[in-house]
Structures are given as structure tokens and as C-alpha cells.
2 protein chains.
Amino acid sequence: MPAYRPSTPPPPPPTSARELISAHGGRVTRTRVAVIDVLLGSQHPLSHDEIAAALDGEHIAHDRVTLYRALEWLVEQGIAQRIASGERAWRFEIRRGGEHRHAHFHCERCGQILCLEDVPTPASAPLPPGFAVERAELVLHGACAACGRHAQEGEQ
Amino acid sequence: MPAYRPSTPPPPPPTSARELISAHGGRVTRTRVAVIDVLLGSQHPLSHDEIAAALDGEHIAHDRVTLYRALEWLVEQGIAQRIASGERAWRFEIRRGGEHRHAHFHCERCGQILCLEDVPTPASAPLPPGFAVERAELVLHGACAACGRHAQEGEQ
DNA sequence: ATTTTTGATGCAACATTGTAGCATTAGATT
DNA sequence: AATCTAATGCTACAATGTTGCATCAAAAAT
């Protein structure tokens with residue numbers, strides 16, 4: 001029985017996460033949307049663990065394996081990229097602005113990873129014949145400003 | 001009772017592995033010597049697993065944990081260095097020729113890692129104030145000559 | 001609006017890679 | 001030869017992923 005409806009409420013505008021997912025032919029699921037939102041909201045690459053913690057913080061239920069698979073899918077689709085930071089776990093970040101690839105800084109004191117937006121990864125290099133480069137990873141290791149300061153103070 | 005000894009046999013000339021180890025104040029042990037020899041004999045960085053296989057091949061008994069610790073010690077001493085290749089496991093290579101740092105190529109088809117002796121890692125980069133770089137890692141990912149060839153053949 | 005299809009999930013079990021603790025061994029020194 | 005202690009070689013454990021498979025639900029078809 002169709003009751004009076006005072007003008008259909010406009011559907012919620014599709015979030016960019018939803019768009020991203022269906023544009024790649026994937027199903028829009030809770031975990032995928034949440035993971036993309038978390039990555040979009042971060043200024044530096046996040047590990048599986050950190051992403052899981054972020055989802056917990058927002059009370060978004062999720063399975064460990066499903067999260068791994070969501071990340072795997074994002075990387076396959078080119079939506080996100082994996083970074084082999086200094087630690088054992090992969091880190092993930094959304095690929096912003098097409099082909100812009102930047103370097104990363106890994107602080108060996110606190111473990112933090114930072115995007116160096118101003119430092120491009122070399123696009124080409126002299127290679128043996130027949131070799132084809134698809135992407136490059138450049139990671140600088142050292143001490144970040146905060147950790148460098150602590151060290152100095154400790155030495156005094 | 002000092003029996004007649006027909007001239008003391010000359011001690012075996014110290015191998016460079018033995019020299020390297022004692023020069024760093026470490027004890028010369030079977031596993032350390034063997035690991036250094038394996039690394040010296042390889043043209044590309046090796047994983048823990050590959051090193052273990054090499055030792056097995058030469059029937060040199062070794063413990064998994066001891067091997068990890070030997071590698072850890074070599075890195076601490078600056079004799080070897082760790083490389084975060086594309087895969088999950090670390091790879092190790094002897095540091096040849098002081099501070100010469102080169103890039104590496106990771107073939108995403110066959111997993112092989114190759115030293116790019118002609119491609120230096122950038123020694124410096126514009127960083128936020130207070131940041132100090134200690135080392136840089138540059139890894140190019142793509143397809144090596146052999147794998148690229150296979151792909152072409154498969155496409156025909 | 002239902003039904004159907006199948007991509008994605010969620011769970012348990014397993015695999016890989018690396019660490020920690022500790023009694024024992026053996027390399028170097030006295 | 002006796003001593004000292006760095007390293008070893010175990011076992012157990014931790015961290016990080018992966019596989020298999022029954023079930024669910026997002027999207028498509030009816």
C-alpha cells in the first residue's frame with residue numbers, strides 16, 4: 001500500500017570510495033569502503049595492523065583475512081600501492097594523482113614512515129638489455145626530526 | 001714429552017672470511033665463515049633460505065637460529081647489509097668497496113634480485129628540517145630479460 | 001520484487017619468517 | 001691445561017601472511 005511520500009529523499013551522494021570500487025568492477029563492501037576511507041584520511045602509508053586499529057576505532061567490524069584480501073585487491077586494481085618499509089610488514093597508501101611516485105622516509109628510531117612528496121623516485125636507469133622497469137621504490141633510512149632531537153638531548 | 005717434529009707444518013693461510021671476522025672482534029665459527037664465503041661467492045643478494053640451502057649443498061651443518069644470528073652480526077658489524085627486496089624475506093649481501101651503494105632490480109615474474117652496480121642510490125635529497133639520512137635503498141621492479149622474453153613468446 | 005548468480009566474506013587451519021630464553025659448547029685468552 | 005664467555009643449538013613463541021571452503025550478500029537477471 002503506497003502511502004503518501006512527501007517527496008523521495010535524495011539518495012546519499014556516492015562517496016568517492018564507492019565510486020572507486022565500482023569503477024573497477026568490484027563489489028562495494030563494508031570492509032573495502034572502510035579501508036579506502038582510512039587510507040584516504042592518512043598522510044602516511046599504513047600497515048595492515050594500523051588499518052585494523054583504525055577500523056576498530058570506528059567500530060567497523062572486520063575480519064583479519066578479509067582485510068588482507070581487500071588490500072590485495074586494491075593493489076591489484078592500482079588503487080593503492082604496497083611499500084616495503086624498513087619493518088617486516090607491508091604498508092599501503094592510496095595512489096594519488098596518477099603516476100606521481102614519491103620516495104619515503106623510514107625513521108629507524110621510531111619506525112614511522114613518511115611520504116617525501118618532493119622527492120621523486122627515479123623513472124629510469126641504465127639497465128641490462130631486455131630489462132623493463134615498471135616501478136621504482138626509493139626509501140631513505142635515518143632519524144626523523146623528533147628522534148634526532150631526543151638523541152642530542154640524551155647525549156648532553 | 002716433546003717428540004721430534006719434522007718441521008711444524010705452516011698454518012693454513014687465513015681465509016679472508018676468518019680475517020674479516022676477527023678484525024671485528026668476533027669469534028671465528030663454522031657458520032660465520034661459511035656464511036661469509038657463500039655471500040662472497042654470490043653475485044646477487046641472498047635470502048636466509050637461499051644461504052641455508054647453499055650450506056646444505058656443501059654439507060655444512062648449521063642451525064636456523066644461529067644462521068639468523070650470524071647474519072644479524074654481520075649486518076651490525078657493517079660486513080654485510082640487508083635489503084628489503086620485493087618479497088617478504090630479507091636478503092643479504094657483502095658490502096664490497098666501502099661506501100659504494102648500488103640499486104637493485106627485482107623481477108616480479110621470477111623473484112630474482114640483481115645488483116645494479118651502475119645505478120647508485122641517491123646520497124641526498126631535500127628533507128624536512130631536522131631529518132638525517134643514514135642510507136638509501138633504491139629498488140627497481142619489473143621484468144628481467146628472461147621473463148620479458150617468455151611473456152612475448154606466450155603472447156604470440 | 002524475487003530469484004539467481006557468483007564475488008566476497010568469515011572462520012579455522014596452516015605457512016613463512018623471524019625472536020627470545022636458556023643450558024651447553026667451544027673459541028680465545030691466561 | 002684451565003678459565004672465561006661469546007656463540008651455539010635447542011625449544012618455544014611471535015608476527016605476518018596465505019589457503020581452503022562453506023556461507024553470505026551485492027549486483028544482475030527474471
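Protein chains get the first letters and strands the later ones, always in sequence-line order, with residue 1 at the start of each.
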Tell me whether [X] contacts the main-chain N or O of [Y] through its side chain, where contact means a donor paired with an acceptor under 3.5 Å.
X: A:H62; Y: A:I60; value: yes
X: A:R82; Y: A:W90; value: no
X: A:S22; Y: A:G25; value: no
X: B:R30; Y: B:A61; value: yes

Considering residues at least two apart in sequence or located in another chain, which fulfil the side-chain hydrogen bond (donor to acceptor under 3.5 Å, both in side chains) criterion with A:E76? none
Excluding sequence neighbours, so at least two apart, what forms side-chain hydrogen bond (donor to acceptor under 3.5 Å, both in side chains) with B:R109?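 Once residues adjacent in sequence are excluded, the partners of B:R109 under the side-chain hydrogen bond (donor to acceptor under 3.5 Å, both in side chains) criterion are A:E134.
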In whole angstrom, give the distance that lies between atom [atom1] of [X] and atom [atom2] of [N].
X: B:H24; N: D:dA7; atom1: NE2; atom2: C1'; answer: 18 Å
X: A:W90; N: D:dT16; atom1: CH2; atom2: P; answer: 13 Å
X: B:Q77; N: D:dA7; atom1: CD; atom2: C1'; answer: 13 Å
X: B:R32; N: D:dA6; atom1: CZ; atom2: P; answer: 11 Å

Could you tell me, to 10°, how much the axis swings from one end of the helix from C:dA1-D:dT30 to C:dT30-D:dA1 to the other, five pairs per end? 30°
Is a side-chain donor-acceptor pair under 3.5 Å present for B:H44 with B:E93?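 Their side chains do not contain a donor-acceptor pair, so the 3.5 Å distance test is not met.
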In terms of hydrophobic clusters joined by side-chain contacts under 4.5 Å, are [X] and [Y] together?
X: B:V139; Y: A:V139; value: no
X: A:F105; Y: A:F92; value: no
X: A:L40; Y: A:V28; value: yes
X: B:V38; Y: B:V75; value: yes
X: A:L55; Y: A:I36; value: yes

Per the atom types in the model, does the base of D:dG20 pair as donor or acceptor with the side chain of A:R69 at under 3.5 Å?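 Answer is yes: a donor-acceptor pair is held.
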With a 4.0 Å heavy-atom cut-off, tell me which residues in residues 45-68 of chain A come close to DNA chain D, sorted by residue number. A:R64, A:V65, A:Y68
DNA chain C: 5'-most and 3'-most nucleotides touching chain B, 4.0 angstrom heavy-atom criterion: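 That gives a stretch of C:dT16 to C:dA28.
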May I ask you to check whether A:H106 and A:H104 place their ring centres under 6.0 Å from each other?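 Not under 6.0 Å, so no.
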For every nucleotide of nucleotides 22-30 of chain D, 5' to 3': is a protein heavy atom under 4.0 Å from its base (B), only from its sugar-phosphate (S), or from neither (-)? ---BBS---
